[in-house]
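It should be emphasised that the depicted structure is a prediction, and the values quoted were computed from it without experimental measurement. Note that ligands are numbered from 1 as they come in the structure, with each ligand's atoms numbered from 1 the same way.
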Amino acid sequence: MVHMDTKLIHGGIDGDENTGAVNVPIYQTSTYRQIELGKNKGYEYSRTKNPTRDALEALIAELESAKFGFAFASGMAAISAVLSLFKTGDKLLISSNVYGGTFRVLDKVFSQFGISYEIVETGDLEVFEKSITQEVKAVLIESPANPLMGVSDIAKIAKIAKKHGILSIVDNTFMTPYLQRPIELGVDVVIHSATKYLGGHGDLIAGLVVTNDEVLGQKIGFIQNSTGGILSPFESFLLVRGIKTLGVRMERHCENALFIAKHLQTHQGIEKVFYPALPEDKGYAINSAQASGGGGMISFILKEEYDYKKFFASVKLIALAESLGGVESLLCHPASMTHASIPSEIRCKMGISDRLIRLSVGIEDKNDILKDLQNAIKLSLKA
Ligand SMILES: *Cc1c(COP(=O)(O)O)cnc(C)c1O
């Protein structure tokens, strides 16, 4: 079997059969001339199937060790397509730190169709298993989860889910298949916001879904074509291009993040650092067993003597911005940004205080990133 680094570059559909082009071209077409009535070359209409999207879908399936891949116009379109598998009366269990948009679409959109959810602590397997009642049809988790980098045992959750006949779904955005492959751990469906590490350059919005199951593959493909939230040929091309460098980028993200996390850990202005590759981190053992690195996301809590608003105003190199996973370092204030849609009492219960800061560690020079952070912490000390 070829190594992941080789798959990233040659996986899926390696080049264009028609012309020999090394890269699959952007097939910017909506429709296809048919040979005769009832006979075509495998393509009829680009919502259903497009060669550039095919290349991406085959690639993500191969990288995640799955049979079927599907590309969507955003991570949320991908998640919504998966949630469309469920019907009135069905309930999903979600981990307590799921992406804010996932919570919102369940809470405000799918609830309208009688699909409910319950937030459970999936880090605690007993609590999780006890929550599986008759109406529960699936569990949806992230590991590490946004923004406290909480780790859940993916293989054990998949096993418990299987035992109770419910679907296991993992949002693998933070880890990417380079570091973690949930299908290999027994999970049924994997989702990505490819906007983040897979694209990697902060220049596109995309979502992906993979599964190994024939029936689920059929259903998700049907939903993709029926609801139509597909990824365009141009974006599909950009994403294939971004994935080629995923290996070198993730190595550097991991190296830089561990460096920053270790330094912040001993900084006098920091109360706590969350990063699953720190041996002191709660999720270290499980993350090390199920993933080959800690990824590029860390979060930390500023001490009370420091003004978090001043901290955000004082960084120079690092941008204050939504999103993550790009080559550039980005800072985010979960309480007012990614998790603003979650009511404050639920948010506090989740441990997302105002002094919590999330950092997407980019692939710039690690000392430059550190200096920017140290300087901003220093400037934010209250008088
Ligand atoms: C960003 C993100 C999403 C949503 O993806 P979009 O591409 O922004 O629609 C879903 N899950 C996680 C973990 C994310 O970080």
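- Put simply, the residue from Y197, F259, F174 that forms a ring-ring contact (aromatic ring centres under 6.0 Å, His included) with H253 is Y197.
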Please tabulate, line by line, the atom pairs linking an N/O of ligand 1 to a protein N/O at a distance below 3.5 Å, with the distance in Å to 0.1, or answer 'none'.
unit_1	atom_1	unit_2	atom_2	d
ligand 1	5 (O)	S193	OG	3.0
ligand 1	7 (O)	G75	N	2.9
ligand 1	7 (O)	S193	OG	2.9
ligand 1	7 (O)	T195	OG1	2.6
ligand 1	9 (O)	G75	N	3.0
ligand 1	9 (O)	M76	N	2.9
ligand 1	11 (N)	D171	OD2	2.7
ligand 1	15 (O)	K196	NZ	2.7

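- Taking the six-membered ring for Trp and thresholds of 30 and 60 degrees, H333 and Y308 have nearly parallel ring planes, at less than 30 degrees apart.
- Applying the ring pair (Phe, Tyr, Trp, His ring centres under 6.0 Å) test to F103 and every residue at least two apart in sequence or in another chain returns Y117.
- A salt bridge does not link E235 with R53: every distance from a Lys NZ or Arg NE/NH1/NH2 to an Asp or Glu carboxylate oxygen is 4.0 Å or more.
- For K244, the NZ atom counts as densely surrounded, since its 6.0 Å shell holds more than 12 non-hydrogen atoms of other residues, nucleotides or ligands.
- In this structure, the side chains of Q290 and L185 come closer than 4.5 Å at one or more pairs of heavy atoms.
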